[in-house]
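Taking it in order: structure first as structure tokens, then the write-up.
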Number of protein chains: 2
Amino acid sequence: MRTAPTRARSKASWLINKTSVHAHRLLTDAVAPVGGHGHHFLVLAALDEFGAASQMEIGQRIGIDRSDTHAIVNDLVEQGFAERAPDPEDRRRNIITITDAGRGRLAELDRILERVQDKLLGALSPGERRQFVALLTRVLDGQEDR
Amino acid sequence: MRTAPTRARSKASWLINKTSVHAHRLLTDAVAPVGGHGHHFLVLAALDEFGAASQMEIGQRIGIDRSDTHAIVNDLVEQGFAERAPDPEDRRRNIITITDAGRGRLAELDRILERVQDKLLGALSPGERRQFVALLTRVLDGQEDR
DNA sequence: AGCCAACGTTGGACGAGCCAACGGTAGTCG
DNA sequence: CGACTACCGTTGGCTCGTCCAACGTTGGCT
């Protein structure tokens, strides 16, 4: 691997984009064998942590478009990891509920993703990983409210 | 903005992917007004730092496919920022050379990208930025050689 | 001479993120 | 009550970045 230009390697934006490609591939490769998808984990995590919610709310929480949320929820319902029911109090909405099988699936995906973190952050010590995640969180939060 | 699930926010892979979307948008938005492209900067930076090179070598350095390198070099040649000439010693190759105008363009894009870094890392102090870039570099390098 | 590898070029596949439009529902205001 | 507006889910499609396959040309090897 020939070295990239110094000017590029000093730009955080370039480092992030390049690393993101690797991270994304690690994630999809790790989750594909069990018939999963990166977004499945996010939706299940949101349902588990915040309880049943409308598709709109889920999409806002995990930061994806409502049309994509629709497709992900379809998958989860098909696989028995979530249930979709119309909201009796507001029939415009669907209420999505996580099932017991869904909680099991969430745990499975969580374990898989933890291994992905290990592969991704293998070059860092545990302390550095925490530092990295902390800095990254602040960078991301600084972007979200604009 | 509703908060994302804790499980997601603790995963470096998710943070990186999400931040990458913001970084990429900041980059393209900043570079579009001058008729540029993120990859233009990379190719020019490689030519400036390592001298004239084949398209293959450029692509390997900045980590993009040769077909995409082809398109980027086309742009740069059209705009007068680079020149493409067949290699007299190996006629399979093209030798790409940066022009004086190309060096000026590189400086312009570099200034623009520095402002992008400021927007992206606005939440971090100068010392934290250096730390962040250092950690990110190690993470990326750990992925490249696999 | 014959075979294989390298390079540039072209075309296209694939997924992620995003947007527009529609029907159905709820809330609001005259 | 009726009209208007806003919201949600659903469907379809657009754009861009990344990647791969195939081809013709050229060079190296035996």
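The figures that follow rest on heavy atoms only: side chains count, while hydrogens, waters and symmetry mates do not. Note on naming: letters A, B, ... go to the chains in the order of the sequence lines (proteins, then strands), and numbering restarts at 1 for each one.
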So for B:T28 and D:dC16, does any side-chain atom that can act as donor or acceptor lie under 3.5 Å from a complementary atom in the base? no

Whole-Å distance, A:I64 CD1 to C:dC19 C1', equals 15 Å

Winner on side-chain proximity to A:H70, out of D:dC19, C:dC18, D:dT11, is D:dT11

Here the pair of heavy atoms bringing A:G102 nearest to A:L44 is O-CD1, 3.9 Å

Partner of D:dT30 under the Watson-Crick or G-U wobble criteria, both distances under 3.5 Å, comes out as C:dA1

Respond yes when some side-chain nitrogen or oxygen of A:H39 is under 4.0 Å from OP1 or OP2 of C:dA16, and no when none is. no

Picking from C:dA6, D:dG9, D:dC16, the nucleotide nearest the side-chain atoms of B:R92 would be C:dA6

>> Can you confirm if the NZ or CZ of B:R7 lies within 45° of the ring axis of A:F41 and under 6.0 Å from the centre of its six-membered ring?
In response: no

With a non-hydrogen cut-off below 4.0 angstrom, is B:S54 in contact with a base, only sugar-phosphate, or nothing?
sugar-phosphate

Could you tell me whether B:D90 contacts a base, only the sugar-phosphate backbone, or nothing, with contacts defined as non-hydrogen atoms closer than 4.0 Å?
sugar-phosphate

Against the side chain of B:D65, the closest entry in C:dT9, D:dC20, C:dG17 is D:dC20

5'-most contact on DNA chain C (nearest-nucleotide basis), B:E57 vs B:D68, goes to B:E57

Are B:N17 and C:dA16 close enough that a side-chain N or O sits under 4.0 Å from OP1 or OP2?
-> no

Any non-hydrogen side-chain atom of A:E114 less than 4.5 Å from a side-chain atom of B:K11? yes

Tell me whether the OP1 or OP2 atom of C:dG15 has a side-chain N or O from A:H24 closer than 4.0 Å.
-> no

Subject >> Check against side chain to side chain contact (heavy atoms under 4.5 Å, CB included), B:R105 and B:V34 >> reply: CA-CA 10 Å; B:R105 176 66 153 184; B:V34 298; 3.9 Å; yes

(request) List the steps, then state whether side chain to side chain contact (heavy atoms under 4.5 Å, CB included) holds for B:Q117 with B:L27. (result) CA-CA 9 Å; B:Q117 309 310 306; B:L27 197 155; over 6 Å; no

Ranking A:S67 and A:R91 by the position along DNA chain C of their nearest nucleotide, the one closer to 5' is A:S67

Review point. When all nucleic acid strands are considered with a 4.0 Å heavy-atom cut-off, which category describes B:R93: base, sugar-phosphate, or nothing?
Key: sugar-phosphate

